[in-house]
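Scroll down for the structure; my scribbles are underneath it.
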Amino acid sequence: MKLDFLGTLERTHRCGDLRISDEGKTVTLMGWVNRRRDHGDLIFLDLRDRSGITQVVFDKGLDAESHAKAEAARPEYVVAVTGQVTPRGFDEKNPDMLTGDIEVVAGQTLLLNDAKTPPFSPAEDAIANEEVRLKYRYLDLRREQMQKNFAIRSRVAMAIRNYLVGEGFLEIETPFMTRSTPEGARDYLVPSRVHPGNFYALPQSPQIFKQILMVSGFDRYFQVARCFRDEDLRADRQPEFTQIDLEISFPQMKTVFATAEGFLHAAFSAAGIELPSEPFIQMTYDEAIAKYGIDKPDMRLPAMADLSEELTPELRTTLKIEQGLPVLGFVIPKVGELSGTERKKLLSEIRTIFGDCGLDVLDTARLRTNEAFVPLADACAAKISAALTAFNGATLSANDLAVVVTPKLDTPAMWNFDRQWIWKRVGALRLELAKKYADKHKLFEQTGTAKDFKFLWVTDFPMYEWNEESKTWDAAHHPFTAPHEEDIKSGALVNDKGSVRALAYDVVLNGTELGSGSIRIHRKDVQAEIFRSLGMSDEEAKSRFGFFLDALEYGTPPHGGIALGLDRIVMILAGANSLREVIAFPKTAKAIDLMVDAPSEATAIQLRDLHLKVNTRS
RNA sequence: GGGGACGUAGCUCAGUUGGUUAGAGCGCUGCCCUGUCACGGCAGAGGUCGCGGGUUCGAGCCCCGUCGUCCCCGCCA
């Protein structure tokens with residue numbers, strides 16, 4: 001069958017629009033054939049566009065010409081149909097479709113385009129493997145779920161823009177081709193044709209530009225900014241991603257918090273979720289480590305408990321736990337009834353995981369039913385139970401699993417044990433176990449309400465991080481982060497770098513870091529001191545950030561800001577498990593775009609123009 | 001860089017201890033069908049078992065290597 005020309009025909013409605021109230025209207029729909037049901041002289045086509053699906057009926061007795069078109073049509077053909085909106089009979093309604101009370105009786109029908117049989121059907125709920133989906137991304141994006149995800153993304157981005165503009169922010173763009181900024185990740189580089197041997201770097205974030213915009217007097221800046229980092233990928237990490245990047249002049253930390261919370265409220269509202277009006281809870285970095293063993297606690301799970309004080313010297317002797325060693329416990333809720341055998345198996349599994357790193361799991365238990373830690377004395381179990389309950393402020397249920405951990409001093413890794421390291425390790429185990437049972441026992445079941453989302457601010461990150469490899473102190477955030485004023489005054493910058501707290505903060509949602517920011521250094525003398533404290537000579541600082549240090553000399557206001565990952569926000573709102581579900585054209589774990597087949601080789605001419613030689617062996 | 005899972009028809013997957021001609025569902029093609037909506041019925045086509053090597057009388061299955069996708073660690077402040 002020949003294809004038809006569109007001519008001057010115009011679409012009057014979208015495929016999800018029509019209702020019983022449109023009865024009798026003559027409409028023109030255009031869309032893709034979602035499914036075709038051929039009964040011989042009667043054919044049904046489900047016509048799909050991104051708004052929905054409408055059933056179109058072709059009756060040979062009524063219109064043989066259009067019926068012939070429907071006979072030729074196949075899934076994913078592009079079809080235009082003009083016809084009358086007709087109520088369906090009592091037995092013919094489809095309550096599962098929004099348009100299920102009506103159908104369009106086809107008149108003039110145009111086959112606007114045909115389609116090869118697709119490798120997988122956008123109409124099916126079952127999804128193909130990711131390789132195929134990515135190669136035929138245009139077909140994958142036709143799927144209802146993906147169309148929904150990108151509708152959410154668009155609405156969320158718009159809500160954030162509206163909110164920030166309403167708060168007096170200006171959206172200002174910054175360059176993609178720029179100079180390496182000190183974010184700590186590997187840069188994507190762009191060779192310069194005009195300047196042999198020189199390269200632009202794609203921004204890891206607009207950090208320096210937004211600070212300079214503060215110097216320029218744009219006292220409230222934001223940008224929906226693309227960022228690029230050449231590091232290995234994860235489900236929640238893509239080489240290019242989008243941040244809501246903002247900066248404020250003359251802020252207190254709470255100014256930044258209120259702004260970020262404000263646009264998160266707006267963003268969630270755009271996705272149909274009304275967050276409570278109370279401010280997000282706040283927790284210092286030290287507190288987060290002590291209670292959760294991680295700097296991005298998942299507040300849907302109870303905190304860990306330090307049981308060290310609960311164990312009397314006698315109990316320690318009985319249990320062969322050396323005096324002075326920390327003992328940590330935690331509870332994973334909703335694990336369900338585990339039999340003694342299952343618990344034993346779990347215990348040995350955990351011990352395998354922990355084996356080499358010097359921690360030992362004393363035992364696991366169901367506390368409520370008093371099915372206590374088997375090798376632990378009853379008295380001890382009771383105290384542990386009491387301590388956990390008190391610490392969590394929550395009532396234990398019979399389905400909760402309790403785990404108690406202590407270091408093993410006979411393991412080489414423990415000879416120089418570091419308290420924080422132990423806490424982090426136990427925190428990791430806590431998450432691992434939660435993950436293990438999450439699906440099985442619906443630990444994180446979504447209710448579709450604000451209750452699913454536990455936000456918090458983590459504040460007072462350490463300013464410096466000891467780098468074991470280079471034996472130097474590195475900036476934990478980035479070198480423009482301001483330290484606490486007291487820690488400057490006290491001389492800790494020089495004498496006790498490990499104790500210096502930064503005016504840096506993360507916003508965390510359900511164990512995911514959504515965004516991160518800081519109050520910046522606005523004085524040149526302080527900035528120079530920080531560079532020196534990081535072991536950077538004045539000359540090196542000048543050569544790397546000279547332009548920025550210059551800018552600081554011309555009246556820089558106090559300023560600070562934050563950047564939040566838009567992709568991650570949308571991923572969570574869409575209930576997706578990977579950023580690839582909310583990025584239209586994402587890359588694989590090896591940073592390849594399977595659809596366009598990028599990256600690709602450059603031609604000899606391109607390389608010559610760019611003054612490059614490729615060494616394929618390294 | 002390291003660890004793990006997977007790779008069989010267009011898609012989703014099964015394939016026993018290594019043994020005859022590698023199967024199913026969906027999809028696809030043709031025919032039939034006027035109330036289906038995951039329509040139904042009949043018939044049919046469709047395979048480099050990711051790729052390369054090895055062991056064996058014989059390999060989808062065992063061994064070695066390699067490629068790809070996914071997940072995790074490192075890395076990404």
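Residue numbering restarts at 1 for every chain, and letters A, B, ... go by the order of the sequence lines.
Within the 4.0 Å cut-off from OP1 or OP2 of B:U36, not a single side-chain nitrogen or oxygen of A:N94 is found. Look at A:Q204 and you'll find a side-chain N or O under 4.0 angstrom from OP1 or OP2 of B:A77. Contact check, A:R186 against B:A77: no side-chain N or O comes under 4.0 Å of OP1 or OP2. Neither OP1 nor OP2 of B:U34 sits under 4.0 Å from any side-chain N or O of A:K60. Between A:R74 and B:U29, a side-chain N or O to OP1/OP2 separation shorter than 4.0 Å is present. For the OP1/OP2 pair of B:C39 and a distance below 4.0 Å, the side-chain nitrogens and oxygens of A:R37 include at least one atom meeting the criterion. Regarding contacts with the backbone of B:G35, every side-chain N or O of A:R88 stays at 4.0 angstrom or more from both OP1 and OP2.
In this structure, A:D125 atom CG and B:C26 atom P are separated by 16 Å, rounded to whole Å. The CD-P distance, from A:Q55 to B:U34, rounds to 16 Å in whole Å. In this structure, CD1 of A:I592 is placed 5 Å from P of B:U69, rounded to the nearest angstrom.
Nucleotide B:A24: paired with B:U12 (Watson-Crick or G-U wobble, both distances less than 3.5 Å).
Counting only heavy atoms from C-beta on, A:E130 has its side chain closest to B:C70 among B:C76, B:C70, B:U36.
Contact annotation for A:S516: base contact, defined as any heavy-atom pair under 4.0 Å involving a base atom. Residue contacts shown for A:T117 are limited to sugar-phosphate atoms, with no base heavy atom under 4.0 Å away.
Remark: the A:E131 side chain and the B:G50 base include no donor-acceptor N/O pair separated by less than 3.5 Å.
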